[in-house]
Structure formats: C-alpha cells, structure tokens
Amino acid sequence: MKKIVIAIVLLLAGSCFVIPCEAKIHKGKTKEGITYQYDTKSKTLTMSGKIIKGNLKNPQKVPWDKWSGKAKKIVLKEGVESVEEGAFNEYPPYKGSLTMQINLGTGR
C-alpha cells in the first residue's frame, strides 16, 4: 500500500512539470486587408495582401512585431506587390529565411 501511495504522489508531482508541446497558430487581419499568421511550432510568419504596410509613427503598432525575436521564416504569399518601410522595423537583423511565392505567368 505504501508503494502505491508513493507512486501516486510521484506521478502527480511529475505531472506538474509537463509542458505542452502543442503548436499554436496565431491569426489576424489588419484594416488594410493584410492577413498574417504565426505558427509557434515552425516559427513561421506568413503574410498576404497587396501592400504590407509599416507604421513609421509607431513601429510597435504593427501586429506581427510581437514575434520579431522568434520568427525563423517569413513567407510572403502570392499577390504581395510591395513591403513598405516600417513593416519590419522591430525585427532584429534577420537571419532566417524569406520566401516569396510569385506567379511568373505563362511566358507568352
């Protein structure tokens, strides 16, 4: 009986230290129509919209800045035509990868 009680106590104590490793995807959309999502597992920021705008007056107001020190990959979806100054001001010197998905057309 004593061994069972000790085993239960150890099991309960060990469960206090379990860290969930489930990935979470944060999604959002700005009033300008920029959609963004951040995947915590792959550390990927994916963005779409015609013009990725920055906020020169207050760079911290750009919603994706909260992942500035965490993102290892940035993906700009097909349809992004430009990235304005200030869009990534709060990102430190970026050492991850940048992928741009573009359509080159049929070549006619």
Side-chain angles (χ1 to χ4, degrees):
M1 182 68 172
K2 188 175 183 181
K3 288 182 181 181
I4 294 174
V5 171
I6 291 173
I8 291 172
V9 168
L10 289 174
L11 185 63
L12 290 174
S15 67
C16 293
F17 300 104
V18 174
I19 299 171
C21 57
E22 189 174 312
K24 185 169 184 176
I25 296 181
H26 303 272
K27 295 181 179 184
K29 186 172 185 174
T30 68
K31 63 182 177 182
E32 292 87 11
I34 301 167
T35 59
Y36 58 92
Q37 72 176 32
Y38 180 72
D39 184 326
T40 59
K41 185 174 183 181
S42 66
K43 298 183 179 180
T44 300
L45 174 63
T46 304
M47 304 184 75
S48 64
K50 195 170 184 175
I51 301 170
I52 308 297
K53 293 187 175 200
N55 187 334
L56 295 175
K57 293 179 183 173
N58 191 353
Q60 293 83 10
K61 289 280 187 181
V62 180
W64 48 88
D65 279 346
K66 57 185 137 203
W67 303 297
S68 67
K70 300 173 185 166
K72 300 292 181 205
K73 182 177 182 181
I74 298 174
V75 176
L76 301 178
K77 300 290 265 184
E78 185 176 336
V80 173
E81 294 179 2
S82 68
V83 177
E84 289 187 350
E85 186 178 353
F88 296 99
N89 272 3
E90 295 303 307
Y91 277 64
Y94 188 66
K95 295 179 182 170
S97 66
L98 172 64
T99 303
M100 295 180 68
Q101 298 176 345
I102 59 172
N103 182 359
L104 298 176
T106 59
R108 291 189 222 184

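Rounded to the nearest 0.5 angstrom, Ser42 OG and Ile25 CD1 are separated by 7.5 Å. Considering CG of Asp39 and OG1 of Thr46, their distance stands at 8.0 Å, rounded to 0.5 Å.
When side chains are defined from C-beta on, Val75 counts as touching Gln101, because their heavy atoms get closer than 4.5 Å. Val80 is listed as a side-chain neighbour of Ile52, based on a closest heavy-atom distance under 4.5 Å. In this structure, Thr99 and Ile74 have side chains that are not in contact, with every pair of non-hydrogen atoms separated by 4.5 Å or more. With contacts defined as side-chain heavy-atom distances shorter than 4.5 Å, the pair Trp67/Lys43 does not qualify. Using a 4.5 Å heavy-atom cutoff, the side chains of Phe88 and Leu45 are in contact.
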Side-chain donor-acceptor pairs under 3.5 Å in residues 31-38, sequence neighbours left out?
residue : atom : partner : partner atom : Å
Glu32   : OE1  : Thr30   : OG1          : 3.3
Thr35   : OG1  : Ser48   : OG           : 2.3

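Formation of a donor-acceptor pair under 3.5 Å by the Thr40 side chain with backbone atoms of Lys24 is found in this model.
No chain of hydrophobic side-chain contacts below 4.5 Å, direct or via other Ile, Leu, Val, Met, Phe, Trp or Tyr residues, connects Ile51 to Met100.
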